[in-house]
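One structure below.
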Amino acid sequence: MTTTPRTPGDATSFVSRNPADPSDVVAEFTAPGAFATADATDRARAAQTGWLHGGAAARSVALSAVAGAVEAAAEELADLAVREVGKPIAEARAEVARTVAIWRYYSQAPYEPTGAVHETAAGPGLLLTRRRPHGVAGLITPWNFPFAIPSWKAAPALAAGNTVVLKPAPEATACARRLAEIAQGSLPSGVFTVVPGGPTEGGALLSTADVVSFTGSTAVGAAVVRAATARGIPVQAEMGGLNAAIVLPDADIERAAAHIASAIAGYAGQKCTATSRVIAVGAALEPLREALAEAVRALPVGDPADPATVCGPLISAWARDRVGAVQGDVSVLATGATGDGPGWYAAPTLVEKVPQSHRLLGEEVFGPIAALLPADDLADAVRISNSVPYGLVTSVHTADLGTALRGLDRLDTGMVRVNAPSTGVDFHLPFGGAKASAHGPREQGHAAMEFYTSSRTYTLAP
């Protein structure tokens with residue numbers, strides 16, 4: 001994606017390109033600006049009362065219809081994700097299937113209880129608690145999951161009775177617009193709006209929405225949190241990750257290596273849950289070193305439209321160059337293939353002998369590269385895992401569940417996955433990280449319904 005600034009005070013043009021073939025322009029648009037974004041929020045606010053008061057059944061039917069419409073367009077949407085954001089087709093199809101499941105899951109949420117009845121401490125009367133929607137939910141989303149992330153934010157917000165204004169990453173504008181078109185076919189006017197653009201539109205949405213949910217980089221997320229907090233509105237921000245895979249000596253090494261390699265380089269490592277540090281405990285180091293190096297070399301790299309591809313192109317030339325720039329001062333243990341053609345490809349890479357001060361051990365690279373690190377024992381592995389500013393997810397590979405459980409509670413991450421890749425999300429459970437990886441309440445599952453509503457207490461005296 002490229003942006004073309006115009007004269008001061010004028011609009012900004014955006015171009016979304018196919019990462020596998022940058023000459024293929026997927027979308028061109030001019031950002032609408034701050035005032036148009038504010039107008040979109042006003043229209044959403046005007047539509048919110050009718051959407052809420054239409055009742056649970058109407059919201060349930062509408063969200064179920066969105067699920068059906070997304071499912072009917074599944075192959076079209078998967079192809080669009082391949083073309084616009086370079087997602088391998090197998091992953092794109094899986095993301096669309098998850099998107100359908102998300103809308104179906106939340107289509108039942110309007111029927112869930114919104115409060116409770118309590119006895120008074122003394123005397124007659126009634127005490128009630130009730131959760132009510134905030135109003136307009138401002139959603140700021142990244143490009144790497146162009147259908148699933150907007151959906152897992154929008155669906156619970158809508159189920160609770162909010163309306164939605166979505167500001168997608170410019171690189172995923174065509175995907176966001178198509179998702180909105182599909183959703184708008186089943187929703188009343190003004191209930192789901194997309195505002196394309198960049199920081200200007202994002203800032204305007206932050207200034208006008210009643211609740212904000214953000215997924216993206218740590219730096220931008222911190223700014224979003226500050227702006228929303230200054231206004232006194234609820235905010236959640238899911239940001240970066242520097243995730244570790246811990247491999248104990250009793251693990252199935254071949255299986256662990258396969259899981260970790262896919263988590264390093266699946267979708268070219270462009271997931272906040274990707275593995276970027278591999279911590280081998282004691283005697284696991286040498287067999288894992290060999291098995292993981294072989295697994296990285298064997299990863300299929302190439303055209304994301306090929307069903308066999310695991311690692312496709314990076315989202316931009318800048319992203320590709322950043323991966324190459326972090327390989328200095330380390331020993332490269334293994335590299336995979338580099339994709340053919342004009343796309344922004346980077347070879348999957350496993351490095352070792354990484355200095356403690358190296359960028360790979362302190363910054364999220366967002367590419368198909370990981371460092372292999374030795375640990376003396378489980379306690380040392382936990383210490384290494386916790387030594388970074390981030391805390392999103394850790395994978396632990398072992399045959400002894402008791403050993404895993406003894407170490408799990410000492411990990412400073414919001415999610416722990418045992419004998420599974422660090423990548424992967426269960427949409428019906430809370431999703432989120434610790435430390436610099438997240439701010440505010442969790443996403444997904446019942447946690448999302450709580451975030452998109454506020455609690456009220458009613459006292460009914462006779």
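For the pair Asp412 and Ala434, the tightest heavy-atom approach, listed with the atom from each and the gap, is O-CB, 3.9 Å. Of all heavy-atom pairs between Val301 and Tyr345, the closest is CG1-CD2, 4.4 Å. Contact record, Ala334 with Val296: O-CG1, 4.3 Å, taken as the closest heavy-atom pair. In terms of heavy-atom proximity, Ala159 sits nearest to Leu63 at CB-CD2, 3.8 Å. Scanning all heavy atoms of the two residues, the minimum distance from Tyr452 to Pro156 falls at CE1-CG, 3.9 Å. The minimum heavy-atom distance between Val351 and Leu360, with the atom names listed, is CG2-CD1, 3.7 Å.
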Decide side chain to side chain contact (heavy atoms under 4.5 Å, CB included) for Leu361 and Leu373; before the verdict, give the C-alpha distance in whole Å, the side-chain angles of both, and the deciding distance to 0.1 Å.
-> CA-CA 10 Å; Leu361 303 186; Leu373 308 170; 4.0 Å; yes

Thr37 vs Lys167, side chain to side chain contact (heavy atoms under 4.5 Å, CB included): CA-CA, chis, key distance, verdict = CA-CA 9 Å; Thr37 303; Lys167 206 298 288 182; over 6 Å; no

Side chain to side chain contact (heavy atoms under 4.5 Å, CB included) between Asn18 and Val82, intermediate numbers included = CA-CA 8 Å; Asn18 181 345; Val82 170; over 6 Å; no

Kindly indicate, with the supporting measurements, whether the criterion side chain to side chain contact (heavy atoms under 4.5 Å, CB included) is fulfilled by Leu187 and Leu158.
-> CA-CA 10 Å; Leu187 299 169; Leu158 293 169; 4.1 Å; yes

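Within the 4.5 Å cutoff, no side-chain heavy atoms of Val194 are placed close to those of Thr173. Contact check for Phe366 versus Asn144: side-chain heavy atoms found under the 4.5 Å cut-off. In this structure, Leu205 and Val195 have side chains that are not in contact, with every pair of non-hydrogen atoms separated by 4.5 Å or more. The shortest side-chain heavy-atom distance between Glu363 and Leu242 does not fall under the 4.5 Å cut-off. Proximity of Val281 to Ile246: side-chain heavy atoms (C-beta onward) are separated by under 4.5 Å at one or more points. By the 4.5 Å heavy-atom criterion applied to side chains, Thr349 and Pro368 are not counted as neighbours. Using a 4.5 Å heavy-atom cutoff, the side chains of Arg322 and Leu314 are not in contact. Side-chain contact check for Thr413 versus Val393: every heavy-atom pair is 4.5 Å or farther apart.
Without hydrogens or angle criteria, Ser422 side chain to Thr273 main chain gives a donor-acceptor distance under 3.5 Å. Judged by distance alone, the side chain of Asp426 and the main-chain N or O of Leu429 form no donor-acceptor pair under 3.5 Å. Formation of a donor-acceptor pair under 3.5 Å by the Glu201 side chain with backbone atoms of Gly33 is found in this model. Under a 3.5 Å cut-off, the side chain of Ser64 and the backbone N or O of Val61 do not form any donor-acceptor pair.
A salt bridge does not link Glu95 with Arg98: every distance from a Lys NZ or Arg NE/NH1/NH2 to an Asp or Glu carboxylate oxygen is 4.0 Å or more. Salt bridge status for Glu84 with Arg177: absent, with no side-chain N to carboxylate O gap under 4.0 Å.
A cation-pi arrangement is absent between Lys153 and Phe451 under the rule of less than 6.0 angstrom and at most 45 degrees off the ring axis.
Going from atom OG1 of Thr141 over to atom CD1 of Ile149 covers 7.5 Å, rounded to the nearest 0.5 Å. Distance check: His439 NE2 to Phe214 CZ gives 12.5 Å after rounding to the nearest 0.5 Å. The CZ atom of Arg383 lies 9.5 Å from the CG atom of Asp377; values are rounded to the nearest 0.5 Å. The distance from atom CD of Gln270 to atom NZ of Lys87, rounded to the nearest 0.5 Å, is 9.5 Å. Put simply, NE2 on His428 and CD1 on Ile102 are 11.5 Å apart, with the number rounded to the nearest 0.5 Å. Ser189 contributes atom OG, which lies 8.5 Å from atom CZ of Arg43 (distance to the nearest 0.5 angstrom).
Residue-environment remark: CD (Glu290) stays at or below the threshold of 12 foreign heavy atoms within 6.0 Å. Within 6.0 Å of the CG atom in Asp340, the count of heavy atoms belonging to other residues, nucleotides or ligands does not exceed 12.
The aromatic rings of His397 and His259 lie tilted to each other, with the angle between the two planes from 30° to 60°.
Using modelled atom types, one finds a donor on one side chain and an acceptor on the other under 3.5 Å when comparing Gln236 with Ser213. The closest side-chain donor-acceptor pair between Thr398 and Asp250 falls under 3.5 angstrom. Residues Thr99 and Ser151 have side chains that never bring a donor and an acceptor to within less than 3.5 angstrom of each other.
Each of Cys272, Ser437, Ser276 was scored for a side-chain contact (heavy atoms from CB on, under 4.5 Å) with Glu364, with one residue passing: Cys272. Only one option out of Phe431, Phe427, Phe147 pairs with Trp152 in a ring pair (Phe, Tyr, Trp, His ring centres under 6.0 Å); it is Phe431.
Glu28 meets the salt bridge (Lys or Arg N to Asp or Glu O under 4.0 Å) test with no other residue; sequence neighbours excluded.
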